[in-house]
Amino acid sequence: MVLPLYVEYILFFVLFLVFVILFYGFYMFIYIPSKKFYLDLQSPPLQVGAVNEIILDQNQKKKSITIGSLTSDISLRLKGIEDPHLEILITKEKGLEEYEILIKPIARKKILWKAPHTKNFQLLEKSDILQSREFIGHPGYLRIIGLMQGNRPLHYVEIEISVKFFIDSYGEERMKFVFKINRIYPGIDLNSRDNKGIYSFGRVKEEEASESNQN
């Protein structure tokens, strides 16, 4: 049986389309996650002072940032931290360079939060909503807890959240959100790296425990 020429063209096109779809699926769902996983394995441990800057595109109205162990947007790669541990949703106000920030706990009873203009850390048990202007000159602080004993965190990463203004390539004043690793308590055991690139927290010293209780 001889197929008409146009049928052969259609079949070749369908085969080409299937190949493109398969290649795209392989690239997006196998190659990219595998590459990210490999890079995570090769990455050095978390460092105090490390900074992640978040900027919404001009036409972007909303952005979600997760903080967690390995596969989150901000990966801490420390044992005891869940994945994701916390979500931060940034929503831009229409026509203004102002934002609403929703801080949503995912891990239960393993997040401490000190909002701008407040003095003490509080256990974050439900979402907190703030305006970006509250962070100008007054950062907020998150403690992502790996191990909690009673009401006392034994292992945690402290992240400072602040905002800064900058001039973009169009000469417009924009706002960016800065997530800075402020403290890792009580440090990282550099010899504890597992095959996923996750480290254990270090051991608590008596003087560090006393200092932590005072804070």
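Computation of the quantities below employed the complete heavy-atom set of this structure, encompassing side-chain atoms and omitting hydrogens, waters and symmetry-equivalent molecules. Everything numeric in this text was worked out from a predicted model, so none of it was measured.
There is no path of hydrophobic side-chain contacts, each under 4.5 Å, that joins L102 to I65. Criterion: ILVMFWY side-chain heavy atoms under 4.5 Å apart, direct or through other members. Under it, L130 and L142 are part of a common hydrophobic cluster. Placement of V18 and L11 within a single hydrophobic cluster is found when ILVMFWY residues are connected by side-chain heavy-atom separations under 4.5 Å, directly or transitively. V157 and I54 fall within the same hydrophobic cluster, defined by Ile, Leu, Val, Met, Phe, Trp and Tyr side-chain heavy atoms under 4.5 Å apart, directly or through other members. The cluster map of Ile, Leu, Val, Met, Phe, Trp and Tyr, joined by side-chain heavy atoms under 4.5 Å apart, puts L154 and I184 in different clusters.
For E93, the salt bridge (charged side-chain N to carboxylate O under 4.0 Å, His left out) criterion is met by no residue, not counting sequence neighbours. For E134, there are no salt bridge (charged side-chain N to carboxylate O under 4.0 Å, His left out) partners at least two apart in sequence or on another chain. Not a single salt bridge (charged side-chain N to carboxylate O under 4.0 Å, His left out) links K63 to another residue, sequence neighbours left out. Every residue two or more places apart in sequence or in another chain that forms a side-chain hydrogen bond (donor to acceptor under 3.5 Å, both in side chains) with K176 is listed here: E53. The salt bridge (charged side-chain N to carboxylate O under 4.0 Å, His left out) search around E87 returns none, not counting sequence neighbours. Among residues two or more places apart in sequence or in another chain, the side chain to side chain contact (heavy atoms under 4.5 Å, CB included) test is passed with N52 by I74, F179.
Note that CD1 of I129 and CD1 of I101 are 10.5 Å apart. Values are rounded to the nearest 0.5 Å. The line from CD1 of I159 to OH of Y141 is 12.5 Å long, rounded to the nearest 0.5 Å. Note that CZ of F177 and CD1 of I161 are 10.0 Å apart. Values are rounded to the nearest 0.5 Å. Residue L86 holds its CG atom at 11.0 Å from CD1 of I81, rounded to the nearest 0.5 Å. Rounded to the nearest 0.5 Å, atoms CD (Q58) and CD1 (I55) are 10.5 Å apart. With rounding to the nearest 0.5 Å, the separation of CD in E100 from NZ in K92 is 13.5 Å.
Heavy atoms of other residues, nucleotides or ligands lying less than 6.0 angstrom from CZ of F23 number 12 at most. Other residues, nucleotides and ligands place more than 12 heavy atoms under 6.0 Å from the NZ atom of K61. The neighbour count for Y170 OH, taken as heavy atoms of other residues, nucleotides or ligands under 6.0 Å away, does not exceed 12.
Between L46 and R77, the closest side-chain pair of non-hydrogen atoms is not below 4.5 Å. Between H85 and I111, the closest side-chain pair of non-hydrogen atoms falls below 4.5 Å. Residues P116 and P139 have side chains not in contact (no heavy-atom distance under 4.5 Å, counting atoms from C-beta outward). Side-chain contact between M148 and Y156 is absent, with no heavy atoms from C-beta onward closer than 4.5 Å. Residues E172 and E97 are not in side-chain contact: their nearest non-hydrogen atoms beyond the backbone lie 4.5 Å or more apart. A 4.5 Å side-chain heavy-atom check between E98 and Q131 finds every atom pair outside the cut-off. In this structure, the side chains of I67 and S72 stay at 4.5 Å or more apart for every pair of heavy atoms. Looking at I181 and Q47, their side chains never come closer than 4.5 Å, going by heavy atoms from C-beta outward.
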TODO: Might you work through the side-chain contact (heavy atoms from CB on, under 4.5 Å) test for S162 and F135, ending with a clear yes or no?
DONE: CA-CA 6 Å; S162 61; F135 290 87; 5.7 Å; no
Open item on the list: Using side-chain contact (heavy atoms from CB on, under 4.5 Å), reason through E158 and Y185 one step at a time and then give a plain yes or no.
Closed with: CA-CA 8 Å; E158 183 176 286; Y185 178 82; over 6 Å; no
Task: Worked check of side-chain contact (heavy atoms from CB on, under 4.5 Å) between W113 and I103 - done: CA-CA 9 Å; W113 169 235; I103 300 178; 3.4 Å; yes
TODO: Please test T71 against D83 for side-chain hydrogen bond (donor to acceptor under 3.5 Å, both in side chains), starting from the C-alpha separation and ending with a verdict.
DONE: CA-CA 7 Å; T71 61; D83 212 1; 2.9 Å; yes
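Using modelled atom types, no side-chain atom of D57 and backbone atom of N59 make a donor-acceptor pair closer than 3.5 Å. Between the side chain of H155 and the backbone N or O of K79 there is no donor-acceptor pair closer than 3.5 Å. With hydrogens and angles ignored, the 3.5 Å screen pairs a side-chain donor or acceptor of T66 with a backbone N or O of D73. Between the side chain of R143 and the backbone N or O of L112 there is no donor-acceptor pair closer than 3.5 Å. At least one donor-acceptor pair under 3.5 Å links the side chain of R174 to the backbone N or O of L56.
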